**Q** 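Would you mind keeping the following structure in view while I ask a few things?
Just so you know, these numbers come straight off a predicted model, no measurement behind them. Hydrogens, waters and symmetry mates play no part in the numbers below; they use all other heavy atoms, side chains included. Just follow the structure's listing: the first ligand is 1, and inside any ligand the first atom is 1.
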Amino acid sequence: MAKEIKTIGVLTSGGDAPGMNAAIRAIVRKAIGNGVKVKGIKKGYMGLLNEEIMDMQKHDVSDIIQRGGTILGTARCVEFKEEEFQEKAAQICRKHGIDGLVVIGGDGSYRGAQALSRHGINTIGIPGTIDLDIACTEYTIGFDTAINTAMAAIDKVRDTSSSHERCNIIEVMGRNAGYIALWCGVANGAEDILLPEKYDFNEQNIINNIITNRKRGKTHHIIVNAEGIGHSTSMARRIEAATGIETRATILGYMQRGGSPTCKDRFYASIMGSYAADILCEGKTNRVVGYTNGEFKDFDIEEALNMHKEIPEYQFKVSKILSQ
Ligand code: ADP
Ligand code: F6P
């Protein structure tokens, strides 16, 4: 029989993402609506180990749906990979009467959630990362805001690129994944889009492309480069030396992780948060919430972590054709 759930905890872990607050709000309100108490845990697994735990009421999540970041704070906690600390965290949960926990984060955070499940704390994960790199879901909270922020920035760089007849490399985040680069590259009409999953490290192709485009009369040249490839500054130096065209690099960095979440991020976060609270209150454990084929679903964590996600081939081919 499923364990009776009286109190749940919620924490955010790994890199923050716009929409995490909307997810926290949904979890708190849905769980309280289900007759379950909620405790907020500050600063991810680190805060759990330090017992930074507080009661949360419905009014504690007022006025946060529109805010970027996470009101609970987040952290990367290296010790949590060790059995000793996972066992200690489970004991702390029991001490505070926490029967179940929602973890909002990426796949590293899911490993921590899996460990807590193994130690008897019912745990559910929600995909919160700007990188879109979680295989069991077509959507991760924060992605939409990040790509819109990056898109607006790249449009601005393009203006000055045209005025100065320069080549501009813009590096976007995504860790080892190229989804932000792919989406922005297509949406910004970039001349070259470099994805870690696809890049052949043949810089001569890029150089030839710049020279051909310049001969055709294009005044700007935008290269969207993914963080997973990196080295944008040295790439710019080499391109300038080879083409004779002034080339600059801009690394967008953390601005992509902040800001008020888009409608899409708030909506997905609200539904995923509610879904997680519901299945946790039903007594489910060791699951992660995902969105596939138009439906919100839950998956076994191990199964979710073993799934593989690739850049869709058709989207990649289109990105190549449209940039010519
Ligand atoms: P994300 O969740 O965004 O992928 P990280 O990979 O940095 O971000 O993971 C966030 C946190 O999750 C880590 O700082 C650590 O506390 C925890 N974590 C990561 N990997 C593991 C693991 N193998 N076992 C237990 N906890 C882990
Ligand atoms: O996972 C989100 C992300 O912003 C990645 O795109 C990036 O590689 C990483 O986090 C940066 O992490 P940190 O905040 O530790 O610099």
Side-chain angles (χ1 to χ4, degrees), residues 10-20 23 41-50 52 68-70 72-90 92-93 101-119 121 123-137 140-147 149-150 170-184 195-197 224-232 251-259 265 286 288-290 301-302 304-307 309:
V10 53
L11 63 80
T12 46
S13 168
D16 66 349
M20 280 185 164
I41 298 156
K42 303 277 280 180
K43 300 179 203 155
Y45 296 119
M46 181 98 76
L48 178 56
L49 290 170
N50 293 333
E52 294 186 62
T70 157
L72 290 175
T74 185
R76 303 204 200 261
C77 173
V78 181
E79 303 94 292
F80 209 72
K81 294 185 183 172
E82 292 167 36
E83 178 71 22
E84 179 195 345
F85 291 97
Q86 296 164 0
E87 170 62 37
K88 184 178 169 202
I92 291 169
C93 285
L101 182 69
V102 183
V103 171
I104 309 169
D107 48 14
S109 303
Y110 289 177
R111 287 277 173 216
Q114 193 179 34
L116 284 171
S117 297
R118 259 196 322 271
H119 287 283
I121 304 301
T123 308
I124 307 289
I126 300 187
T129 168
I130 63 166
D131 302 337
L132 196 72
D133 60 347
I134 299 180
C136 72
T137 182
T140 63
I141 297 163
F143 178 69
D144 192 56
T145 308
I147 52 174
T149 302
I170 299 129
E171 186 173 311
V172 296
M173 274 188 164
R175 202 176 293 205
N176 300 318
Y179 298 99
I180 298 178
L182 174 70
W183 279 64
C184 288
L195 312 177
E197 297 87 342
V224 173
N225 184 29
E227 177 188 13
I229 295 170
H231 302 286
S232 296
I251 297 167
L252 291 186
Y254 294 102
M255 66 178 293
Q256 293 159 95
R257 251 178 34 195
D265 274 327
N286 202 39
V288 290
V289 177
I301 297 188
E302 190 59 35
L305 288 170
N306 287 331
M307 288 180 188
K309 188 173 189 173

**Q** Considering heavy atoms of the protein only, find what lies nearest to atom 2 (C) of ligand 2 and give residue, atom and distance to 0.1 Å.
**A** Asp131 OD2, 3.3 Å

**Q** Is Glu227 reaching over with its side chain to a backbone N or O of Gly174, donor-acceptor style, under 3.5 angstrom?
**A** yes

**Q** Go through ligand 2 atom by atom and flag the ones less than 4.0 Å from a non-hydrogen atom of Gly174.
**A** 6 (O)

**Q** Where do Ile301 and Thr123 land on the side chain to side chain contact (heavy atoms under 4.5 Å, CB included) test, with the steps shown first?
**A** CA-CA 10 Å; Ile301 297 188; Thr123 308; 5.7 Å; no

**Q** Using a strict cut-off of less than 4.0 Å between a Lys/Arg side-chain nitrogen and an Asp/Glu carboxylate oxygen, indicate whether Asp16 and Arg257 qualify as a salt bridge.
**A** yes

**Q** Please identify which atoms of ligand 2 are closer than 4.0 Å to at least one heavy atom of Tyr254.
**A** 13 (P), 14 (O), 16 (O)

**Q** At a 4.0 Å threshold, what atoms of ligand 2 neighbour a non-hydrogen atom of Glu227?
**A** 5 (C), 6 (O), 7 (C), 8 (O)

**Q** Do you know which two heavy atoms are closest between Asp144 and Asp265, and how far apart they sit?
**A** N-OD2, 3.5 Å

**Q** Considering only heavy atoms of Arg76, which atoms of ligand 2 have at least one such atom less than 4.0 Å away?
**A** 9 (C), 10 (O), 11 (C), 12 (O), 13 (P), 14 (O), 15 (O)

**Q** Which parts of the protein, at residue level, reach under 4.0 Å of ligand 1 through a heavy atom?
**A** Ser13, Gly14, Gly15, Tyr45, Arg76, Cys77, Phe80, Lys81, Gln86, Gly106, Asp107, Gly108, Ser109, Arg111, Gly112, Arg175

**Q** May I ask you to check if ligand 2 and Gly15 share an N or O to N or O distance below 3.5 Å?
**A** no

**Q** Do me a favour and list the nearest non-hydrogen protein atom to atom 3 (C) of ligand 2 with residue, atom name and distance?
**A** Arg257 NH1, 3.5 Å

**Q** Output yes when a side-chain donor or acceptor of Lys309 lies under 3.5 Å from a complementary backbone atom of Leu132, and no otherwise.
**A** yes

**Q** Step by step, would you call Ile180 with Phe143 a side chain to side chain contact (heavy atoms under 4.5 Å, CB included)?
**A** CA-CA 8 Å; Ile180 298 178; Phe143 178 69; 3.8 Å; yes

**Q** Is there a heavy atom in Gly106 that sits closer than 4.0 Å to ligand 2?
**A** no

**Q** Might you work through the side chain to side chain contact (heavy atoms under 4.5 Å, CB included) test for Gln114 and Asn286, ending with a clear yes or no?
**A** CA-CA 6 Å; Gln114 193 179 34; Asn286 202 39; 3.6 Å; yes

**Q** Hey, is Lys88 close enough to Glu83 for a salt bridge, meaning N to O under 4.0 Å?
**A** no

**Q** Over 60° means perpendicular and under 30° means parallel, so tell me whether Tyr45 and Phe80 are parallel, tilted or perpendicular.
**A** parallel

**Q** For Gly142 and Ile130, work out which heavy atoms get closest and say how close.
**A** O-CG2, 3.6 Å

